[in-house]
Amino acid sequence: MALELNDSQKEAVYHINGPMLALAGAGSGKTRVITERIAYLIKQGIEPYNILAVTFTNKAATEMRERITALLKEKPKNLIISTFHSFCVRVLKQEIEKLGYKNNFTIYSPSDAKTLIRSILRELKINTLSYDEGLFAWYIDRYKNNLLKPYEVEPREEIEKTAKRVYEVYQNYLKGYNALDFNDLINLTIDLYINYPEVLDKYQERFKYIMVDEYQDTNFAQYKLISLLASKYRNIAVVGDDDQSIYAFRGADVSNILSFENEYPDAKVITLNTNYRSTKAILEAAYAVISNNTNRKDKQVIAFGDDGTPPTIMPLEDEREEAAFIADNIQHYAVSKNLNYENFAILFRMNAQSRLFEEALRLRGMPYKVVGAFQFYDRKEIKDILAYLNLFVNPHDEVSLIRVINIPKRGIGSVAINTLNEISIQKNQSLYDTLLDYENIDNIPPKAKVGIKDFIEIIEHYNNLFTVDKNDIERPKLYENINKFLDVIAYHNEVLNSSDTKEQGSKKIENIESLLNGIAEYEKQNKNATLKNYLDRILLMSIEESNEEDKKTGVMLMSIHSAKGLEFPYVYICGMEDGIMPHHKSLAEDALEEERRLCYVAMTRAKKHLTLTYCLKRKKMGKDVDCTPSVFLDEMEKGMPEDMSMNEEEFFSDLKSFLKPENN
C-alpha cells in the first residue's frame, strides 16, 4: 500500500494557479507528485484538454499516463503527456506548411544526418581525413540547441567557418528533401510560435496548464519552447533537481532550473527532500560530495528509512584486481544473503571500463547484462527496411534513397549514383526527380537503367499504396503489404547471402521478423494506422529511449549516465580516480561541478549498500601508471559525520573470510 503524501508533496500537488518550481531531491517521489498533481487538477474541474505534461522519454510518459488512469479510475480524454519531440511532431503535422514544408516530412535520425553531412563534405571537397562528419554534426547540434540559424553563426576559428558553411548547405538540403532532423522538430515549432502569433495563441489557449519533468535536463531550445507556451497564463509547474543535471554534453543547461525564479519572481518554490530510496549513511556521503558545488540550490535530502551502514571506499592494486574484487564481493552477498544478481549494479564513468568486469563475471559463471548495447533500430537490416518505408512516404528523402537504391543489387553502382547526384546538383532538383528522367541521361550504363526502372516502379507502387488521404476510409494493411514487399525484392535472401555465417544470417532474419511483429502489433492497437504515423513513432522511440533490453536476471553493468532514474540495493562505483571520476577533460570549474553531480547521481542509485573502488595503478598505452584517488573521495570522507567513517578494513576482512578455500 502506497504511503500517504508528505507535507511537501501535498503542497506541490495542490498548487493550481501560477508558476511553481518543485526541487525534487533524489528518491523523493517526483513521478508520483507529477501524476498526483495532474489527477488533482482534473478532479478540480480543469479539462484534460487544457493540460500538457512534457518529459524526456516515452517510457516516462507511458508510466505517467498509466498512473493517472489508475488514480482517476478511467483514461482522461485529450490529456497530452508527451516527450518534447513527440509534442512538436504533433504541432508540425498541423502547422508546418506555413514554413514552406509539406506535412509528409521525413524525420532524420542522427545517423541519417551524418550520412547527409558526409555527402556534403564530399561536395564541398572538405578533407574528411582531418575532419569527419561527426565533428560537424556536433557543431550543428550545438548551433541548433542555441537556436542559431546558419546566418547567425559567428565563427571565430577556421574550423567554425567551415562548420558554418556545412550547416548552411545541410539546412538547404533538408528543406529540399522535405526532411527535419531531431533538433528541427523543436526549432521549427519555436519558429511557428514566434513568426505566427495566431498559432502561438491557439496552443496557449489549448494548454493553459503545463508541467515539465526533469527540468534540469532542458536545453535552451526546450526552455524557449516551454517559455513561449506558458507566457500567457503562466500556469507552469516544473519539477527537477539541479544536483542531478548530468547531460551538458547533450546541451542540457542547469541554469534553466537555477534561474526559474528570475523569470517567474512570483513562483512558489517547494523542496521535496524526503528520500524514500537510500539509507541515511548513503545520503550523508552523497551530500558530503555535492555540497562542494557552488552553482546549486542548497538542499539536503533526508532518509525516510534506516540509518544503514557506511559506504565502503576500497583501494585496489590495479584494474584487474578491481574487477576481481567487485565480482567476488557480489558473489559473496548473492550467496550469503540468497539474493538474485539483478540486485547488483556496477557503474562506471566510461564504457571502456566494462570489459574487465565482463571477463571477471564470466570467469565466475555469474550472469550479467550490459546496458547500452547496440540498439535494435540501428541494425543494418532494420535500417534498410525503414529506409524503403521512408521512401514510400517521401520519395525525395535522399539519405534513404542512396542507402537502398542498390539493395538488393540492381546494377546501380557508385559511378551511376555519382553521375545522378552531380546532375541533381546541377539542375537544383532532388535525386529522385533526376531518377525519373533516367532514360534521357546518356552516360548511365544500360544495366543501371534497368535497375533504376525497377527501383522507381517499386517506390511509385508503394507510394501510391501507402499515401493515405485524411478522408480515406479504406486504409492499406501495413503488415500484409510490407511483408509482401520484402518477398517481392527477396530481401530475406539478400540478408542470408550477405551474412558472414549462417548463424549471423539467422539472427538478422529474426530481427526482421521482430520488426514485422512490431508493425502488426501497432496496426492491431491503432484503428487508423498509417505508415507515416508508424515511422514517426518508431523513429522517436529509437532516439529518445535508452536501449531497453529483454528483462533477465543478472548483474547490471552500465555507465553512470545510463543509470540515472534507476535504483539497486547494491551499487559499486569503480574507477574513483582523478582522470576518470572526475574525467580528465573536466578541469574547468563548471565541468568539474557536472562531474560532481555525476558522482552524486551514481551514489544515490544505491538503496542499501554502496562501495566505491579506486586503483593504485592502471594501464595506459600498455604501461602501468600511478593513479591518484578521486578528489570526491576526499570530499566524502571530510564531509561525513565522525560516527559514519568508512570501514574498508573490516569490509575486506569479511570478504576474505568468504573467499577461503573451505568456502569455495
Side-chain angles (χ1 to χ4, degrees), residues 100-109 111-124 169-181 380 383-468 476 481-482 484-491 494 498 531-532 535:
Y101 291 80
K102 297 176 183 177
N103 61 12
N104 69 334
F105 56 86
T106 297
I107 303 172
Y108 276 15
S109 70
S111 60
D112 292 332
K114 286 182 180 179
T115 300
L116 176 57
I117 292 170
R118 194 181 307 129
S119 69
I120 291 170
L121 297 182
R122 288 197 299 267
E123 179 186 330
L124 297 179
V169 177
Y170 173 76
Q171 282 304 111
N172 289 337
Y173 273 123
L174 284 180
K175 187 74 178 284
Y177 300 156
N178 194 40
L180 282 63
D181 66 19
K380 180 186 182 302
K383 288 183 73 68
D384 286 349
I385 295 171
L386 293 180
Y388 266 113
L389 300 186
N390 277 321
L391 287 173
F392 297 159
V393 173
N394 177 15
H396 299 284
D397 176 359
E398 183 166 326
V399 170
S400 293
L401 189 152
I402 291 174
R403 181 179 185 91
V404 296
I405 191 171
N406 203 38
I407 297 177
K409 289 183 170 53
R410 299 186 176 90
I412 310 173
S414 58
V415 174
I417 293 171
N418 289 336
T419 300
L420 292 163
N421 196 41
E422 288 173 7
I423 293 171
S424 69
I425 293 171
Q426 291 169 6
K427 293 187 175 182
N428 194 26
Q429 63 184 17
S430 73
L431 187 55
Y432 188 74
D433 285 337
T434 304
L435 280 181
L436 295 176
D437 194 40
Y438 72 96
E439 290 183 286
N440 297 319
I441 302 175
D442 295 331
N443 48 348
I444 296 288
K447 186 178 180 181
K449 287 189 175 183
V450 172
I452 292 170
K453 180 176 181 292
D454 174 57
F455 182 73
I456 290 172
E457 286 176 353
I458 290 170
I459 302 303
E460 292 288 324
H461 172 74
Y462 286 100
N463 177 252
N464 291 331
L465 179 67
F466 287 119
T467 303
V468 180
N481 285 291
I482 293 170
K484 190 181 294 183
F485 155 71
L486 293 175
D487 286 338
V488 168
I489 66 168
Y491 187 71
E494 168 72 11
S498 62
L531 180 57
K532 179 69 175 72
L535 290 171

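Starting from 1, each residue takes its place in the sequence as its number. If you're wondering where the values come from, they're calculated on a predicted model, not measured in any experiment.
- For Asn443, the CG atom is densely surrounded, since the number of other residues' heavy atoms within 6.0 Å is greater than 12.
- Considering Asp397, Asp181, Thr115 as possible partners of Tyr108, the one that fulfils the side chain to side chain donor-acceptor pair (under 3.5 Å) test is Asp397.
- Taking 4.5 Å as the limit, every side-chain heavy atom of His461 sits out of range of all side-chain heavy atoms of Glu457.
- Remark: side-chain polar atoms of Tyr170 are not paired, donor with acceptor, to backbone N or O of Ile120 under 3.5 angstrom.
- Partner of Asn104 under the side chain to side chain donor-acceptor pair (under 3.5 Å) criterion, chosen from Thr467, Asn394, Asn178: Asn178.
- Looking at residues two or more places apart in sequence or on another chain, you find no side chain to side chain donor-acceptor pair (under 3.5 Å) involving Tyr101.
- Between Arg403 and Leu391 there is no side-chain heavy-atom pair separated by less than 4.5 Å.
- Partners of Lys114 according to the salt bridge (Lys or Arg N to Asp or Glu O under 4.0 Å) rule, which considers only residues two or more places apart in sequence or in another chain, do not exist here.
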Donor-acceptor pairs are to be reported for all side-chain atoms of residues 418-427 against protein atoms at under 3.5 Å, with residues two or more places apart or in another chain.
residue	atom	partner	partner atom	Å
Asn418	ND2	Ser414	O	3.2
Thr419	OG1	Val415	O	2.9
Ser424	OG	Asn421	O	2.7

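- Between Tyr432 and His396, the ring planes lie perpendicular to each other; the angle is over 60°, past the 30° to 60° tilted range.
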TODO: Starting from the C-alpha separation in whole Å, work towards a yes-or-no answer on side-chain contact (heavy atoms from CB on, under 4.5 Å) for Ile405 and Arg410.
DONE: CA-CA 8 Å; Ile405 191 171; Arg410 299 186 176 90; 5.5 Å; no
- [ ] Using the side-chain contact (heavy atoms from CB on, under 4.5 Å) rule, take Phe466 and Asn481 through it: C-alpha gap first, then chi angles, then the decisive distance, then the call.
- [x] CA-CA 9 Å; Phe466 287 119; Asn481 285 291; 3.7 Å; yes
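- Two residues are said to be in side-chain contact when any heavy atoms from C-beta on lie closer than 4.5 Å; Lys380 and Ile407 meet this criterion.
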- [ ] Tell me, with the steps shown, if Thr106 and Leu535 meet side-chain contact (heavy atoms from CB on, under 4.5 Å).
- [x] CA-CA 9 Å; Thr106 297; Leu535 290 171; over 6 Å; no
- [ ] Starting from the C-alpha separation in whole Å, work towards a yes-or-no answer on side-chain contact (heavy atoms from CB on, under 4.5 Å) for Leu401 and Phe455.
- [x] CA-CA 10 Å; Leu401 189 152; Phe455 182 73; 4.1 Å; yes
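- Defined by atom type and a distance below 3.5 Å, a donor-acceptor pair is missing between the side-chain atoms of Glu398 and Ser430.
- Of all heavy-atom pairs between Lys383 and Ser111, the closest is NZ-OG, 2.8 Å.
- The backbone N or O of Ile441 lies less than 3.5 Å from a partner atom in the side chain of Lys449, making a donor-acceptor pair.
- Between Ser400 and Ala387, the shortest heavy-atom distance links the atoms CB-O, 3.5 Å.
- Side-chain contact between Leu116 and Leu174: present, with at least one pair of heavy atoms (C-beta onward) separated by less than 4.5 Å.
- Side-chain contact annotation: Asp112 with Ser109, donor-acceptor N/O pair under 3.5 Å present.
- Checked against the 6.0 Å centroid threshold, Phe392 and Phe485 count as a close aromatic pair.
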